[in-house]
Amino acid sequence: MPEVNTGRKTMVLLANLNCDHVLQLDTPLTAGGRLHYRDDGRRLGGGAANTGIGLCWAGHKVMPVSRVGRDEAGDWLLQQAMGLGLKLDYVERFEGITGELLVLVDSLGERTILREARVPVLPARLPGEPVDCLYVNTEGAEVAEYMTAMNAHSLVVSQCPRQPWPRPCRIMIASAADLGGVTDPWMHARSLAGDSLEWLVLTHGEQGAEAISAGQRLYVPAPTVEVVDATGAGDAFAGGLIHALVNGAAMSECLAEAGHWAACTLSSSSSIPSERLRHYLAGELNSAPATDKLMKNKANGDRPE
């Protein structure tokens, strides 16, 4: 990405640290099917890790705000996260079981996640000082008050919630597939984020991503990549977007950078970013030519087909 205002920034990620238990399937999932699988054991995952580790590799200070149990799995999670550079000052331990997520990865690299149903609970300690970015990828309505306070002095970026919970922010990220029958994504995002919303970033999988504001619509096609495992690609996309935003890049450049980060994750069998992203950040990989076909500054363009 262009060398604009680069340097170490401070990020707060209100997101999960997960223990992913991965089962590799020999065929795509089908209703009523009988499948064979390979147990690949557990690996570090969750939005805090999948988004945060790439930001650490990009040179930023990254502080997850999350909760893990006081058990062996929780100990393992914290050891893994600390070893990869995450600052754990705001990770809360609770009396209980951390649990595992079952991640089913089929023969096409698509993943299905099984999580035990839980009531979302915010950690008791939330950092209130100004930071370069607060990223929110969590469930529940109670986080809105905290986001409003942080929005007054910090860049707040949020994933679009799956329920109509308020998410006061300047940048919202959503998957077009998750929005389903929403006819006006921008107005839907505004209803959740409020008047502070500047951009809705909408991902379209292998077709790329677009950014929508009140007066602009920008498109960037996705880099061509052979999908090995889709787990964590959306989180990596968010990391690349945030990295570019805090360095002052234009939104068109932010979309391109986010696409590179996602492509590095798609081409590896891990939830967290792979070494391929580290090589990309070090300038050791060539940019994919697809991102040079940027279409921008269109007020009323169509979505990718």
Side-chain angles (χ1 to χ4, degrees), residues 11-22 42-58 60 62-66 68 77 80-81 84-86 91 100-105 109-115 120 133-139 143 156-162 167 169 171-178 201-206 208-209 222-223 225 227-246 254-278 280-281:
M11 320 284 188
V12 171
L13 309 185
L14 185 49
N16 291 328
L17 282 171
N18 292 335
C19 181
D20 291 351
H21 193 132
V22 182
R42 67 184 182 186
R43 65 191 190 194
L44 179 63
N50 300 346
T51 300
I53 289 169
L55 290 169
C56 287
W57 290 348
H60 305 301
V62 182
M63 298 185 293
V65 180
S66 191
V68 302
L77 275 178
Q80 295 292 311
L84 288 165
L86 297 175
V91 175
E100 293 182 339
L101 268 71
L102 281 179
V103 180
L104 312 182
V105 181
E110 294 297 327
R111 56 97 177 99
T112 301
I113 297 176
L114 306 180
R115 173 195 285 275
C133 181
L134 165 67
Y135 172 63
V136 177
N137 183 8
T138 190
E139 297 182 335
V143 70
V156 178
V157 178
S158 176
Q159 287 287 341
C160 184
R162 296 181 182 273
R167 288 292 184 269
C169 63
I171 313 290
M172 181 170 284
I173 306 170
S175 164
D178 289 342
V201 175
L202 200 57
T203 62
H204 294 275
E206 63 183 14
V225 63
V227 177
V228 175
D229 185 346
T231 309
D235 295 322
F237 180 95
L241 186 78
I242 292 167
H243 172 58
L245 284 168
V246 299
C254 294
L255 291 178
E257 184 72 359
H260 283 306
W261 285 43
C264 290
T265 298
L266 286 167
S267 60
S268 65
S269 56
S270 65
S271 299
I272 62 173
S274 70
E275 287 295 314
R276 186 173 179 82
L277 176 59
R278 195 194 291 266
Y280 168 72
L281 291 170

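All values reported here derive from a predicted model rather than from experimental measurement. Side chains are part of it too, since the values below use all heavy atoms of this structure and drop only hydrogens, waters and symmetry mates.
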Any [X] side-chain heavy atom under 4.5 Å of [Y] side chain:
X	Y	answer
Val12	Val65	yes
Cys169	Val136	no
Pro161	Glu139	no
Leu14	Val143	yes

Value rounded to 0.5 Å, distance of [atom1] in [X] from [atom2] in [Y]:
X	Y	atom1	atom2	result
Leu44	Asn18	CG	CG	8.5 Å
Arg43	Gln80	CZ	CD	12.5 Å
Cys160	Met172	SG	CE	5.0 Å
Gln159	Ile173	CD	CD1	5.0 Å

**Message:** Under the criterion side chain to side chain contact (heavy atoms under 4.5 Å, CB included), I'd like the reasoning laid out for Met11 against Tyr135: C-alpha separation, chi angles, the key distance, then a yes or no.
**Reply:** CA-CA 8 Å; Met11 320 284 188; Tyr135 172 63; over 6 Å; no
**Prompt:** Is it true that Arg42 and Asp20 have a side-chain N and a carboxylate O under 4.0 angstrom from each other?
**Reply:**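 So Arg42 does not pair with Asp20 through a salt bridge.
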What are the two closest non-hydrogen atoms of [X] and [Y], and how far apart are they?
X	Y	value
Ser66	Asn16	OG-CA, 3.6 Å
Thr138	Arg167	O-NH2, 2.9 Å
Leu202	Ser175	CD1-C, 4.1 Å
Leu84	Trp57	O-NE1, 4.5 Å
Phe237	Ala209	CZ-CB, 3.7 Å
Ala15	Gly47	CB-C, 3.8 Å

**Message:** Donor-acceptor check, side chain of Thr51 to backbone of Asp235, threshold 3.5 angstrom: yes or no?
**Reply:**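 Yes, Thr51 side chain to Asp235 backbone: donor-acceptor pair under 3.5 Å.
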**Chi angles and distances behind the side chain to side chain contact (heavy atoms under 4.5 Å, CB included) call for Ile171, Ile242** = CA-CA 10 Å; Ile171 313 290; Ile242 292 167; over 6 Å; no
**Heavy atoms of other groups near Glu206 CD, more than 12 under 6.0 Å** =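 It does not: Glu206 CD has 12 such atoms or fewer within range.
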**Message:** Test side chain to side chain contact (heavy atoms under 4.5 Å, CB included) on Val91 and Leu17; report intermediate values, then the result.
**Reply:** CA-CA 9 Å; Val91 175; Leu17 282 171; 4.1 Å; yes
**Message:** Walk me through whether Glu257 and His243 qualify under side chain to side chain contact (heavy atoms under 4.5 Å, CB included).
**Reply:** CA-CA 8 Å; Glu257 184 72 359; His243 172 58; 3.8 Å; yes
